[in-house]
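All remarks here apply to the structure that follows.
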Amino acid sequence: MFTPFKKDFIIGTSTAAYQIEGGWNEDGKGLSIWDVFSHTKGKIRDGSNGDVTCDTYHDFQTDIDLMSSLNMDAYRFSVSWSRVLPEGKGAVNQKGLDYYDRLVNALLEKGIRPFVTLFHWDTPYALFQQYKGFAGRETAQYFAEYAKVVVERLGDRVKDWITLNEPWEHAMFGHFLGEHAPGIKNPWTYFKVAHHQLLGHGLAVQALRSERSDLNIGITLSQFPVYPASFHPNEKELDSVEMADMFVNRFYLDGVFKGKYPEKLFSRLWPIVPKIAPGDMETIRQPVDFLGVNYYTRMYATRKWYIPFLKTWVDRNPSDERYGHPVLGAHAFPDGLKELTRRYREEYGNPVIYITENGTTEPGHNLEESQRTDDTYRIKYMSHYLGALKEAIDEGSDIRGYFHWTTLDNFEWSSGLSCPMGIIKVDHKTQQRTIRDSGYWLRDLIANQESRRR
Ligand code: IFM
């Protein structure tokens, strides 16, 4: 067992609305792009959808009680934009807001600190129909208005706010490769979606701050150290590594922390980069209180990394232990956390960091195996990543918390219900919950923290 983290370090788990809530058309909720996408034949690998998934819209208390029994300090969840604003703008659905109000109260009652994510990929379908979602600039403005509606209701009790979750994935998988909602395969819209999300982030930070001055506000980015695909890379491959890194990581980091995008990336990809309106970069560069980092694995770049991007993530070290990340087919690479945090210290002013996601499924992608509750591989995975995290703190990074992905076996996007990643097993037919060994392991780890010692 680890030596404990410092007193204010928090440990919890993360979820997202579409992945767990169900109640997809209840109490006035509008459609989101994920409702429409998952109902389209052939889009979800196992034919499932998020109509019910973990059904937390009808019962969150069971899970909060379980989290409390596991000593969890905090819980990260997202708000469904179309539950609150069925059309994405305009009329507010009070019943939608009431749901999150009750959820927050129930968490606080158990002493669990809520971290709210405002956008975890479920754009209201009405905004997609009108503006192509974040491909349209208008959506950024409506996002900020939505942020204001939510903070007006929850801001007296929720202090930790995350504007966006993984804008790279939403732009890439949703609007470039078409594997996620809204299913658009169009490289020409990729950068528009990326830029407008960041613009929405900046506007939302302003909206949140105008409402209250006591909030802790950040953005969550997925981050991947990039490596060359071959062991003896030539200059061209090294150049691809740099480009891939700018495309996936630096575009977002530089936008948020420096108010500019990487010039080399823009000059190379000039046919598809968007026009940036005057003032946009200043808006995007709002001071944030923390950076949320979702860290799973590294990426490999080959010469033609960008066409088509995903095909080039190669298995460079077949002897590494594999973990069954659904999309990335990932290697476990805990040390990447140290690489990334070193970069944040040296180049981005050493921001406060929360690891807002990190997790795995069964290494062999075997569904039966991954449903088991004796998930020793997950414990091993967590202990390696937390070990690296501890080293990063010792090296000088200001990491304040760790959220494991995820609380419950949920709807894992295009992999549907067939990719269990929870520390709590869910039988989706009966909604029965069973805590996995990894859940108990985390419980004991938390019990051993300085913050728990009197
Ligand atoms: O399930 C996702 C989550 O919604 C975003 N980050 C990666 C997770 C695992 O794939």
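As the structure lists them, so they are numbered: ligands from 1, and atoms in each ligand from 1. All values below come from the heavy atoms of this structure, side chains included, with hydrogens, waters and symmetry mates left out.
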Which bit of Glu169 is near ligand 1, meaning a heavy atom under 4.0 Å away: side chain, backbone, both or neither?
-> neither
For [X], counting its heavy atoms only, list the atoms of ligand 1 lying under 4.0 Å from any of them.
| X | result |
| --- | --- |
| Glu357 | 3 (C), 5 (C), 6 (N), 7 (C), 8 (C) |
| Trp121 | 5 (C) |
| Glu412 | 1 (O), 2 (C), 9 (C), 10 (O) |
| Gln19 | 1 (O), 3 (C), 4 (O) |
| Tyr296 | 6 (N), 7 (C), 8 (C), 9 (C) |
| His120 | 3 (C), 4 (O), 5 (C) |
| Glu166 | 5 (C), 6 (N), 7 (C) |

Aromatic centroids of His175 and Phe134 separated by under 6.0 Å = no
Would one find more than 12 heavy atoms of other residues, nucleotides or ligands at under 6.0 Å from atom CD of Gln129?
-> yes
Does Tyr354 have Arg76 sitting over its ring (NZ/CZ under 6.0 Å from centre, angle to axis within 45°)?
-> no
Test salt bridge (Lys or Arg N to Asp or Glu O under 4.0 Å) applied to Lys89 - qualifying residues, sequence neighbours left out = none
If we only count N/O pairs under 3.5 Å, is Trp413 in contact with ligand 1?
-> yes
Is there a donor-acceptor contact under 3.5 Å linking the side chains of Gln432 and Asp427?
-> no
NZ/NE/NH1/NH2 to OD/OE distance under 4.0 Å, Asp73 and Arg113 | no
If the plane angle is over 60° it's perpendicular, under 30° parallel, otherwise tilted; pick one for Tyr402 and His404.
-> tilted
